[in-house]
Amino acid sequence: MSTTFIRGFASGTFASMACVYVYNTRVFKTPSSDNRRLDEELKPRILPADHPMLEDVNKLETQRRILKYGIPDRGQEYYIYDNHVLAYDQAKKIPIWVAEHLNAQNVKGSANRKHSKFKPDPSVNGRFNAENDDYFKSGWSRGHMSPAGNHKFNQEAMNASFFLSNVVPQNFENNSGFWNRFEIYCRNLTKKFTDVRVITGPVFLPDLEEDGPAIVKYPVIGKGQVAVPTHLYKVVLAELDGKPIALGAFVVPNKPIGFDKKLTDFIVPLETLEEKTGVEFLPKLNLSNVKPLCQVDSCHLKTKDEFELHIITRQLNRAENLDQLYKAYSKLEKKNLKPDQYMIELFTKKEMELKEKQLLGEREKKEL
DNA sequence: CGGCTGCAACCA
DNA sequence: TGGTTGCAGCCG
């Protein structure tokens, strides 16, 4: 089975009006990448009945003349995958936003990242696509926006998360450290809330440390000049039985973040984030009864010890032979950490399984 | 959990 | 010959 993706079109506040967005008599959002449909889509029937443009037929003619060959389209299409949806920036070759829905079911399962590979997104026009080569030896890691770990229930869904349309150049230490802990935190929210909706993406902010004018400055990497964002953001909405309860917006610098920093250090008002990204994230959400996430929940990220225990637990789980198992377990002593009951049971269970596996392997060798 | 690299095997 | 692929081993 191949991964399914469908192309759709971003719908905002005026979603009910089908597709054309009109503001000050300027169509600024293209209704379709199929520009042959332009004439049809500019017909007044799709504009709001009281729109001023309808008062002046000449304005419509002007648009037709100027936009004879179509409305310039800047990535307003969005892409739908098995378990995430995204809008893509064809100039920067990274996503604009990536939306996902987490619940207790879809963050669990047997899908394994070892079976997935990073690759260009086949649904993105080639010349606008990032390549693995762009990232190779660039000094930046390929950071998932919708993390692989959020697609554990389905291998195909996880594979789709490895398309480079879901990836931005991310600082190594940030990716495996603070951001990783942030992602784990979001997954764990599904233990407390029935539905968790997350929108993740890159954001480009001016360097505030320098004197003088504010300048947005960012590296580009590889032949394709993939843009390296200065910051990453997450918008997290927690729901209980279909009712939105809590919302948090966070902006984290794309650089190493130590254990001394808390998630609450990175809270930003949703409106500020929307202004910086140019994206209206949850246009249909009524915020009146929604509380700040970190007032409803602790927003606690794993501490250094908790995080290292978590990693060793995963390494035990991942171990495919006794060598790997013992090696991972020995790290506990090295780091002066005490295993909890779960970990001891996991180790014992895993040790039995792998010993059996080893015996089977030896038997097969003898038979050959 | 999140990643990277090198190397051998394979194929057109 | 160059390009892809899978695997082992490494890191935080």
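Nothing here was measured: the structure is a model prediction, and the numbers come from that model. Letters A, B, ... are given to chains in the order of the sequence lines, protein chains preceding strands, and every chain is numbered from 1.
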Considering heavy-atom distances to DNA chain B, does A:Ala148 or A:Phe136 have its closest nucleotide positioned more toward the 5' end?
A:Ala148
Between [X] ([atom1]) and [N] ([atom2]), how many Å, whole number?
X	N	atom1	atom2	answer
A:Asn175	B:dG3	CG	P	4 Å
A:Glu320	C:dG9	CD	C1'	12 Å
A:Trp140	B:dT5	CH2	P	15 Å
A:Gln170	B:dC4	CD	P	10 Å
A:Asn132	B:dC4	CG	P	9 Å
A:Arg318	C:dA8	CZ	P	13 Å
A:Asn171	C:dC11	CG	P	19 Å
A:Lys302	B:dG2	NZ	C1'	14 Å

Using a 4.0 Å heavy-atom cut-off across all strands, classify A:Gly149 as base, sugar-phosphate, or nothing.
sugar-phosphate
Sugar-phosphate only, base, or nothing, as touched by A:Gln315 at under 4.0 Å among non-hydrogen atoms
base
Cationic tip of A:Lys92 above A:Phe204 ring, under 6.0 Å, 45° of axis
yes
Sole residue of A:Tyr233, A:Trp179, A:Phe182, A:Phe178 in ring-ring contact (aromatic ring centres under 6.0 Å, His included) with A:Phe250
A:Phe182
Does [N] have OP1 or OP2 sitting under 4.0 Å from an N or O in the side chain of [X]?
X	N	result
A:Arg113	B:dG3	yes
A:Arg142	B:dC4	yes
A:Lys152	B:dC1	yes
A:Lys327	C:dC10	yes
A:Lys137	B:dC4	no
A:His144	B:dG3	yes

Which of these nucleotides, C:dG6, B:dC1, C:dG9, is closest to any side-chain atom of A:Ile311?
B:dC1
Taking B:dG3, C:dT5, B:dT5 as options, the one with an atom nearest any side-chain atom of A:Lys117 is C:dT5
On DNA chain C, does the nearest nucleotide to A:Phe307 precede the nearest nucleotide to A:Lys114 from the 5' side, or the other way round? Give the residue.
A:Lys114
Result for 5'-nearest mapping on DNA chain C, choosing between A:Asn321 and A:Ser176, is A:Asn321
Do A:His231 and A:Phe266 have ring centroids that are under 6.0 Å from one another?
no
Note: A:Asp134-A:Lys93 ion pair, threshold 4.0 Å (strictly below)
no
Is it true that a side-chain atom of A:Asn106 and a backbone atom of A:His101 form a donor plus acceptor pair closer than 3.5 Å?
yes
Greater than 12 external heavy atoms within 6.0 Å of A:Asn125's CG:
yes
